[in-house]
Peer 1: 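If you scroll down you'll find the structure; I have some questions about it.
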Amino acid sequence: MEPASSKTTKGEDPFYSHPVKLDGSGFNFMEIVDGKGAVFTVEDVYEEVEEKFSKLWKADELDTIGIQPEVHVGGAFKQLEKDFVPITDDKMVLKKVTKHGMGPLIPKNAYVTLHYKYYVENNDEPVDSSWLRNQPVRFSQGSGTILPAIDFAVITMKKGEEALFIAHFNYCYGPMGVPPRIPPKARLLIQIQILNYINDDAVISYNAMAPDDKRDVPLEQVLVIAGELRRKGNELFKGKPKLAYNKFLEAINLLKDRSVKDDQEESLKNDELTKSLINIVHASLNLARTNDAKKYADEAISILKKNQDVNRTSLAKCLLLKSNAFHKESKLDEAQKCLNEAIKYEPGDELLREALANLAKSQEKANIVRDATYKNMGVKMGFRSAD
């Protein structure tokens with residue numbers, strides 16, 4: 001593999017902007033093989049992509065729970081290498097399993113959720129850590145959006161597995177490194193914990209099942225498939241919004257077709273369904289499909305209002321999204337009604353106040369255009385304004 005280096009600019013996630021993380025989210029690692037290097041500063045990372053609107057969803061999903069395992073680095077990597085085995089033909093990436101996982105190896109092209117840490121040699125403090133951010137990393141294996149060493153590492157691992165990897169700079173940040181955090185020609189010790197993964201084959205297999213067979217699939221598995229479809233949509237949102245829309249829709253249809261046994265399962269299903277509905281509203285607005293945006297916003301609002309303990313924040317944000325759809329259609333009165341209802345649930349929300357201010361500006365412009373139009377009509381018809 002050719003040496004890799006990093007030249008980065010600020011990247012954007014689907015629903016907000018933030019500085020590119022050290023793990024490579026926001027740019028393609030396979031395109032940074034020119035050896036030029038870069039100055040890279042690790043900055044705070046914001047919360048998940050669903051949270052453009054005042055922390056709409058918190059990171060409480062089934063697969064985000066990961067207890068940080070202890071690891072003690074210190075000293076040169078050569079002291080550790082005797083317990084490691086190579087996983088690449090050139091023996092430049094070495095592995096040591098610290099906790100065995102379950103099931104088959106992660107297949108190529110799977111959508112993986114994991115925690116990680118990076119260490120440089122002779123340094124006990126991690127250069128970067130998803131545990132410190134309390135935010136797992138999600139990516140498609142083989143997509144080039146993650147450090148090459150991790151891309152190779154995950155297909156040697158199983159769900160729940162924890163392992164250490166020592167990776168040559170060819171599989172990390174190249175001969176130039178990423179000053180000041182990564183020195184030139186730096187090998188990395190990478191700690192990985194696999195939280196979850198999904199293969200597209202799982203979705204295909206589920207969809208191919210007869211209705212009776214689908215009922216036998218545990219709800220937990222269905223929720224995992226739906227959740228990963230939603231996250232895949234998040235990953236596609238920036239560059240391929242139509243494909244993102246389709247992924248969200250696939251998750252929605254999967255959940256709508258699923259029957260439940262009791263109130264607890266209904267609640268779990270509706271929680272995941274509402275998230276996918278919210279995301280497809282975002283995608284619909286991005287694609288200027290305002291009718292779809294209003295339709296799916298109404299579905300989410302209906303689910304939320306049925307709960308005895310209404311999530312006031314989520315309900316307000318759904319109404320805000322619906323208002324945005326009406327605003328795009330220049331149906332300002334309808335947009336105002338949605339905002340008025342949203343404010344009843346979250347009277348102090350900053351984004352709602354901003355939306356009201358923007359709507360007021362649009363209404364003012366509309367009034368100016370209307371008055372000018374009526375004036376022109378009066379002149380053409382021979383009317384004169386009263387002195």
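Note that the coordinates shown come from a computational prediction; the quantities given were computed from them, not determined experimentally. Just so you know, residue 1 is the first one in the sequence shown, and it goes up from there.
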Peer 1: Side chains of I150 and L114: closer than 4.5 Å at any heavy-atom pair?
Peer 2: yes
Peer 1: May I have the step-by-step check of side-chain hydrogen bond (donor to acceptor under 3.5 Å, both in side chains) for Q363 and N367, ending in yes or no?
Peer 2: CA-CA 6 Å; Q363 289 170 331; N367 289 338; over 6 Å; no
Peer 1: Side chain to side chain contact (heavy atoms under 4.5 Å, CB included) between I146 and Q141: does it pass, once the steps are laid out?
Peer 2: CA-CA 8 Å; I146 196 74; Q141 194 280 332; over 6 Å; no
Peer 1: Mind checking whether H115 and W131 have parallel, tilted or perpendicular rings, split at 30° and 60°?
Peer 2: parallel
Peer 1: If we only count heavy atoms from C-beta on, is the L273 to I252 side-chain gap below 4.5 Å?
Peer 2: yes
Peer 1: Strictly below 4.0 Å, N to O, side chains only: are K337 and E334 in salt-bridge contact?
Peer 2: yes
Peer 1: Are the side chain of K269 and the backbone N or O of L255 linked by a donor-acceptor pair below 3.5 Å?
Peer 2: yes
Peer 1: Any non-hydrogen side-chain atom of I343 less than 4.5 Å from a side-chain atom of L356?
Peer 2: yes
Peer 1: Calculate, to the nearest 0.5 Å, the distance between atoms CG and CD1 belonging to L147 and I192 respectively.
Peer 2: 9.0 Å
Peer 1: Would you say L249 ends up clustered with L287 if hydrophobic residues are merged whenever their side chains have heavy atoms under 4.5 Å apart, either directly or through other cluster members?
Peer 2: yes
Peer 1: Indicate whether any N or O donor in one side chain lies under 3.5 Å from an N or O acceptor in the other, for N246 and E250.
Peer 2: no
Peer 1: Go through it in stages, so that I can follow the logic: the residues are L339 and L320, the test is side chain to side chain contact (heavy atoms under 4.5 Å, CB included), and I'd like the CA-CA distance, side-chain angles, deciding distance and then a yes or no.
Peer 2: CA-CA 6 Å; L339 284 179; L320 171 58; 3.7 Å; yes
Peer 1: Donor-acceptor pair, T98 side chain versus E162 backbone, under 3.5 Å?
Peer 2: yes
Peer 1: Has Y345 got a side-chain atom pairing as donor or acceptor with V310's backbone, closer than 3.5 angstrom?
Peer 2: no
Peer 1: With the threshold set at 4.0 Å, does a side-chain nitrogen-carboxylate oxygen contact exist between E81 and R187?
Peer 2: yes
Peer 1: Begin with the C-alpha distance, continue with both residues' side-chain angles, and end with the deciding distance and a verdict on salt bridge (Lys or Arg N to Asp or Glu O under 4.0 Å) for E341 and K322.
Peer 2: CA-CA 11 Å; E341 186 177 356; K322 186 179 177 182; over 6 Å; no
Peer 1: About how many Å separate CG of L315 and CD1 of I303, when rounded to the nearest 0.5 Å?
Peer 2: 11.5 Å
Peer 1: Quick check: do M157 and F165 have side-chain heavy atoms less than 4.5 Å from each other?
Peer 2: yes
Peer 1: Which heavy atom in L304 sits nearest to a heavy atom in C318, and how many Å separate them?
Peer 2: CD1-SG, 3.7 Å
Peer 1: Among residues two or more places apart or on two chains, list those pairs meeting side chain to side chain donor-acceptor pair (under 3.5 Å) that have a residue in residues 259-268.
Peer 2: E266-N270
Peer 1: Shared ILVMFWY cluster between L277 and Y245, side chains joined below 4.5 angstrom?
Peer 2: yes
Peer 1: Dump the intermediate steps for side chain to side chain contact (heavy atoms under 4.5 Å, CB included) on L188 and I182, then the final yes or no.
Peer 2: CA-CA 9 Å; L188 295 181; I182 309 292; 4.0 Å; yes
Peer 1: With rounding to the nearest 0.5 Å, note down the distance linking OH in Y296 to CG in L285.
Peer 2: 13.0 Å
Peer 1: Can a salt bridge be assigned to the pair E272 and R230 using a cut-off of 4.0 Å between side-chain N and carboxylate O?
Peer 2: yes
Peer 1: Less than 4.0 angstrom from a charged side-chain N to a carboxylate O is my criterion; do E299 and K256 meet it?
Peer 2: yes
Peer 1: Got R181 and Y118 here, is their nearest side-chain heavy-atom distance under 4.5 Å?
Peer 2: no
Peer 1: With sequence neighbours left out, write down each residue that passes salt bridge (Lys or Arg N to Asp or Glu O under 4.0 Å) with K306, or none if nothing qualifies.
Peer 2: none
Peer 1: Considering all heavy atoms of both residues, which atom of A226 and which atom of L254 are nearest to each other, and what is their separation?
Peer 2: CB-CD2, 4.3 Å
Peer 1: Would you name the heavy atoms of S276 and A251 that are closest together and state the gap between them?
Peer 2: OG-CB, 3.6 Å
Peer 1: Go through the side-chain N and O atoms of D151 and Y171 and say whether any donor and acceptor fall under 3.5 Å apart.
Peer 2: no
Peer 1: Ignoring hydrogens and geometry, is there a side-chain-to-backbone donor-acceptor pair from R138 to K232 under 3.5 Å?
Peer 2: no
Peer 1: Could you walk me through whether D128 and R133 pass the side chain to side chain contact (heavy atoms under 4.5 Å, CB included) test, one step at a time?
Peer 2: CA-CA 9 Å; D128 187 28; R133 294 192 298 271; 2.7 Å; yes
Peer 1: Between L189 and F84, is there a side-chain heavy-atom distance shorter than 4.5 Å?
Peer 2: yes
Peer 1: Can you find a pair of side-chain heavy atoms, one from P183 and one from V120, that are under 4.5 Å apart?
Peer 2: yes
Peer 1: Could you measure the distance from the OH atom of Y119 to the CD1 atom of I166? Nearest 0.5 Å is fine.
Peer 2: 13.0 Å
Peer 1: Output yes when a side-chain donor or acceptor of T290 lies under 3.5 Å from a complementary backbone atom of A325, and no otherwise.
Peer 2: no
Peer 1: Examine distances only and state if a side-chain atom of N123 and a backbone atom of E125 form a donor-acceptor pair shorter than 3.5 Å.
Peer 2: yes
Peer 1: Nearest 0.5 Å, what's the CZ-OH distance between F139 and Y111?
Peer 2: 10.0 Å
Peer 1: Is the side chain of K317 donor-acceptor paired with the backbone N or O of I278 at a distance under 3.5 Å, no angle test?
Peer 2: no
Peer 1: Kindly indicate whether the side chain of K158, heavy atoms from C-beta on, has any atom under 4.5 Å from the side chain of M102.
Peer 2: no
Peer 1: Please determine whether a side-chain nitrogen of the Lys or Arg among D271 and K275 lies less than 4.0 Å from a carboxylate oxygen of the Asp or Glu.
Peer 2: yes
Peer 1: Between S140 (side chain) and S143 (backbone), is there a donor-acceptor pair under 3.5 Å?
Peer 2: no
Peer 1: Has R258 got a side-chain atom pairing as donor or acceptor with K214's backbone, closer than 3.5 angstrom?
Peer 2: yes
Peer 1: Drop me the distance from H327's NE2 to L321's CG, to the nearest 0.5 angstrom.
Peer 2: 14.0 Å
